[in-house]
Number of protein chains: 2
Amino acid sequence: MLIGELARQTGCEVETIRYYEREGLLSAPQRSASGYRRYTAEQLGELNFILHCRSLGMSLADIRNLAAFKADHQHDCEDINQLIDQQIAKVHQQVEALRLLEQQLLALRDKCHDSRAAADCGILQTLVEASEGAPCVCHTPFGQDNHGHSQDYDHAAKKNGRSNKDRP
Amino acid sequence: MLIGELARQTGCEVETIRYYEREGLLSAPQRSASGYRRYTAEQLGELNFILHCRSLGMSLADIRNLAAFKADHQHDCEDINQLIDQQIAKVHQQVEALRLLEQQLLALRDKCHDSRAAADCGILQTLVEASEGAPCVCHTPFGQDNHGHSQDYDHAAKKNGRSNKDRP
DNA sequence: CTTGACCCTGTAGTGACTACAGGGTGTGCA
DNA sequence: TGCACACCCTGTAGTCACTACAGGGTCAAG
Ligand SMILES: [Zn+2]
Ligand SMILES: [Zn+2]
Ligand SMILES: [Zn+2]
Ligand SMILES: [Zn+2]
């Protein structure tokens, strides 16, 4: 099986397959006389394993570890359980952080309902005033007074910052 | 105010401030005779505006747009409202995707409770069997039969894939 | 013999930073 | 004056998991 066929069977792009090989996740296949990669059913399984783990949000480093555990049959599986637990914890934290973010955005959105001039937009006004030290609906939850410095935002952006290139 | 002082007052790292300037988000400040950046209160506000928006999960591109709207007082604020709406939609989608992910991981986690040899770990077994085409608890929700091709995972990983370097 | 589909390597780009390397500046103290 | 030390500068390269070429080679059909 050539790389294009493997790509078709797994739904993984050709360049990604080559990338996984370069990263040492996928074992290097035999080569034809002309240098073409020739894959076996075993490597199809390997790639599906990687894709399955990726679909569960694991990093390539995690998958590398998992593959090592898979190879070492005697290994105490506690490490595997822990890896999954950490993954769950990570995802859970992200969910919580994003839910807070959604609430903050909804509170901000509520500041403007009509179509006005930008100068009169409640959203923009809130953002500008907050940048001058005023409390804001988004970072001043219900009842909180927030006199003094409301700076620093807990670096929430850093914690939630993600690339969104993969969204349309 | 030198860059270090601005960093202290905003909680933003010096290198990040220089990065924002390079990216055209922060206006270039005056320079001292020796080339040191000298910031005014206005730029402090500018930076706080950026940080506030970042903490709401906005991309630098979004913030650039928002800053442009802020400068153009006559501009119809519908564009601002829309920007926030899109941000809310994006975050909401991410929350939903991550919640599904969490459920999938919890279902998988449930496959192993003890400390056994890796060969007998229910988690690892599930992952390996799934890579050979078998249905799995994580991608075969309650009641779904999943005979035939269960491949492709909706490319969920792609949609949720994020860097986790910023988590310890 | 040409077309077109496929394959190869290697490099550079994405986003939002972060981390140096290798230098210059400014202040305080002995 | 000499020196330490904190701060500043530019420029480049690294992070993660891909993605997108550029510039070439291979192979079967028509
Ligand atoms: Zn508005
Ligand atoms: Zn706010
Ligand atoms: Zn186990
Ligand atoms: Zn699964």
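Throughout, a chain's letter reflects where its sequence line sits, starting with A, and its residues are numbered from 1.
Mapping B:E15 and B:R64 onto DNA chain C by nearest heavy atom places B:R64 at the nucleotide closer to the 5' end. Looking at which nucleotide of DNA chain D each of A:Y20 and A:A33 is closest to, the 5′-most match is held by A:Y20.
Note: CD (B:E21) to C1' (D:dC8) measures 13 Å, nearest angstrom. Remark: C1' of C:dC17 and CG of B:L26 are 15 Å apart, rounded to the nearest angstrom. Here the P atom of nucleotide D:dG14 and the OH atom of B:Y19 are 17 Å apart, to the nearest Å. C:dA16 atom P lies 9 Å from atom CD of B:E23, rounded to whole Å. Atom CZ in A:R38 sits roughly 15 Å away from atom P in C:dC6 (whole-Å rounding). Note: CE (A:M58) to P (D:dC18) measures 14 Å, nearest angstrom. Taking atom CD1 on B:I17 and atom C1' on D:dT10, their separation rounds to 16 Å, with Å as the unit. Taking atom CD1 of B:I3 as the reference point, atom P of C:dT25 lies 17 Å away to the nearest angstrom.
Hydrophobic clustering (ILVMFWY, side-chain heavy atoms < 4.5 Å, transitive): A:I63 and A:L83 are in one cluster.
Side-chain proximity of A:Y36 to C:dC17, C:dT25, D:dG25: nearest is D:dG25. For A:S59, whose side chain is taken as the heavy atoms from C-beta onward, the closest listed nucleotide among C:dG26, D:dA17, C:dC8 is D:dA17. Among the nucleotides C:dC17, D:dC8, C:dC20, the one closest to any side-chain atom of B:R54 is C:dC17. Distances from the side chain of B:R8 to the nucleotides C:dC7, D:dT19, D:dC7 place D:dC7 closest. Closest to the side chain of A:E13, from the set D:dC7, D:dT19, D:dA17, is D:dT19.
In this structure, B:R37 does not reach the D:dC8 phosphate: none of its side-chain N or O atoms is under 4.0 Å from OP1 or OP2. Between B:S34 and the phosphate of D:dC8, there is no side-chain N or O to OP1/OP2 separation shorter than 4.0 Å. Between A:R22 and the phosphate of C:dG10, there is no side-chain N or O to OP1/OP2 separation shorter than 4.0 Å. Residue B:T16 has a polar side-chain atom (N or O) positioned under 4.0 Å from OP1 or OP2 of C:dT18.
Residues A:G57 and A:Q87 come closest through the heavy atom pair O-NE2, 3.0 Å.
Between the side chains of B:E5 and B:Q9, at least one donor N or O sits under 3.5 Å from an acceptor N or O. There is a side-chain donor-acceptor pair under 3.5 Å between A:D79 and A:H75.
At the heavy-atom level, A:R18 lies under 4.0 Å from base atoms of the strands shown. Within 4.0 Å of B:R31, counting heavy atoms only, lie sugar-phosphate atoms of the nucleic acid but no base atom.
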- Derivation of the side-chain contact (heavy atoms from CB on, under 4.5 Å) call for B:L60 and B:Y19: CA-CA 11 Å; B:L60 298 191; B:Y19 171 69; 3.7 Å; yes
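Taking a cutoff of 4.0 Å between a charged side-chain nitrogen and a carboxylate oxygen, B:R18 and B:E21 do not qualify as a salt bridge.
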